[in-house]
Structure formats: C-alpha cells, structure tokens
Amino acid sequence: KENTARKDEL
Amino acid sequence: MNAFRLVGDLCHLAAIVLLLLKIWKSRSVAGLSGKSQILFGLVFVTRYLDLVTNFVSPYNTIMKVFFLSSSIATVYLIYTKFKATYDGNHDTFRMEFLLIPCALLAIVVNHEFSPMEILWTFSIYLEAVAILPQLFMISKTGEAETITSHYLFALGSYRGLYIMNWLYRYYYENNFDVIAVVAGIVQTVLYCDFFYLYITKVLQGKKLQLPA
C-alpha cells in the first residue's frame, strides 16, 4: 500500500 | 530527494528546454516526431492529476507545472505553429500499438485497482515506450539534427539516473516500486542503441547518421 501513498517522484 | 534524482530531473528539464530551443531558434520541427510529443503530453497529464490534490513540495509542484505546460506547448508548436515544417510522412509509428497495450497492462498489473493508481501506472508504462515513434522516425530518415540528438541524450539519461535513484532509495530508504523500476529499465534500454551512436558519433563532432 505504501507504493500508492508515496508518490513523491516526478 | 537525492543527487541522482535531482540531476535526473534537471536532465529531463534540460531535454525539454533543448527541444523548445531547437524549435524556436530554427523555427522548424523538422526531424521531430509529433507522435512522441503527444505521448509525452499524455504521460504528464495522466501522471500529474494529483497536482492540486497531493502537495509534495514547492519543487515538485513547480516541476510538474513546467513539464505539463512545456509538453502541451511542444505539441502545439508541432501541430499548429510550425505545422508546415512537420515531417508527417516519416512520423508514421502507430500510437495505438503503444496506447492499447499500456492501458491493458495498467489495468492488469498495478498496485491498486483505483482510477488514480491505474492512470499513474498507465503513465509509467507509456513513458517507457513514448520515445519509440521518435527513434522510429530517425531510423526512417537515417539521421537526426545534432541538437535533436542532444535532446535524446538528455531524455535518455534522465531515466537512467532515476534507476540510480531507485537503487539509492532501496538501500537507504527501504523504498521500492517494482512497476516504476521495471518500466524505467525498459525505457533506458530502448535508448542504448542511440547512446552508442551518440557517443561514437555526435561526441566526435559528426552528425548522427544511422548506418544505411
């Protein structure tokens, strides 16, 4: 789930 | 943020600026694939839908706005302002051969079956192959302007640097996204042939000519 939450890259 | 990702983003920025400079200074889009630019525009639109809902940092927002506006501007320049110089006869790669597989794959292989997540996944898959029409066009014309090859080198380097960024984040931040990494590797591998030509020719001062 952390993958969907953490979108901090361009 | 780490140096690999920052330099990668700056390479990406440089690529887009180089392209706009080439178009503006030569008043021509000769040798450019409008289809690739449409695909890049689609990549940014489907990836940055969270521009207003998910604030990460001023840097993140500013770069997203710039990438979105510059890619849309590039498509506009190619298909309207400098349409007369657009070489449609050599820009014949079928975009649907990229759009449909990426869409299907994004529906099947993703982290979460939600609209935002599927669109983000679609943009990741599409970005990996969005350069194909441009590389295909160069293979058909057999050459590329020097500034276009600098554009491609910067564009290919950006995702290569992102791979280093993902390695770094895997070891130091325990952060890993298999979809982004696999697609990023595919994307970078597609440039290898071009990288070889760029390093052996363009850096020797020659024009980028593909062996006939």
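Since we're looking at a predicted model, the values are computed, not measured. Quick note on labels: first sequence line is chain A, next is B, and so on, each numbered from 1.
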(message) Around atom NZ of B/K83, are there more than 12 heavy atoms from other residues, nucleotides or ligands closer than 6.0 Å?
(response) no
(message) Under 4.5 Å from any heavy atom of chain A, what part of B/N54 do you find: side chain, backbone, both or neither?
(response) side chain
(request) Name all pairs fulfilling the side-chain hydrogen bond (donor to acceptor under 3.5 Å, both in side chains) condition that reach into residues 30-40 of chain B, sequence neighbours left out, sorted by first residue then second. (result) B/S33-B/D91, B/Q37-B/Y151
(request) Counting only heavy atoms closer than 4.5 Å, note whether B/F44 contacts chain A via side chain, backbone, both or neither. (result) neither
(message) Quick check: closest heavy atoms across A/D8 and B/N60, and the distance to 0.1 Å?
(response) O-ND2, 3.5 Å
(message) Other residues, nucleotides and ligands only: do more than 12 of their heavy atoms fall within 6.0 Å of CZ on B/F55?
(response) yes
(request) Measure B/N165 against the heavy atoms of chain A and call it side chain, backbone, both or neither at under 4.5 Å. (result) side chain
(message) Distance check, rounded to the nearest 0.5 Å: B/L49 atom CG versus A/K7 atom NZ?
(response) 12.0 Å
Side chains of residues 6-16 of chain B: which donor-acceptor partners sit under 3.5 Å, not counting sequence neighbours?
residue: B/D9; atom: OD1; partner: B/Y162; partner atom: OH; Å: 2.6
residue: B/D9; atom: OD2; partner: B/Y59; partner atom: OH; Å: 2.7

(request) Report the distance from atom CD of A/E9 to atom CZ of B/R47, rounding to the nearest 0.5 Å. (result) 9.5 Å
(request) Quick one: closest heavy-atom pair of A/L10 and B/F67, and the distance? (result) CD1-CE1, 3.8 Å
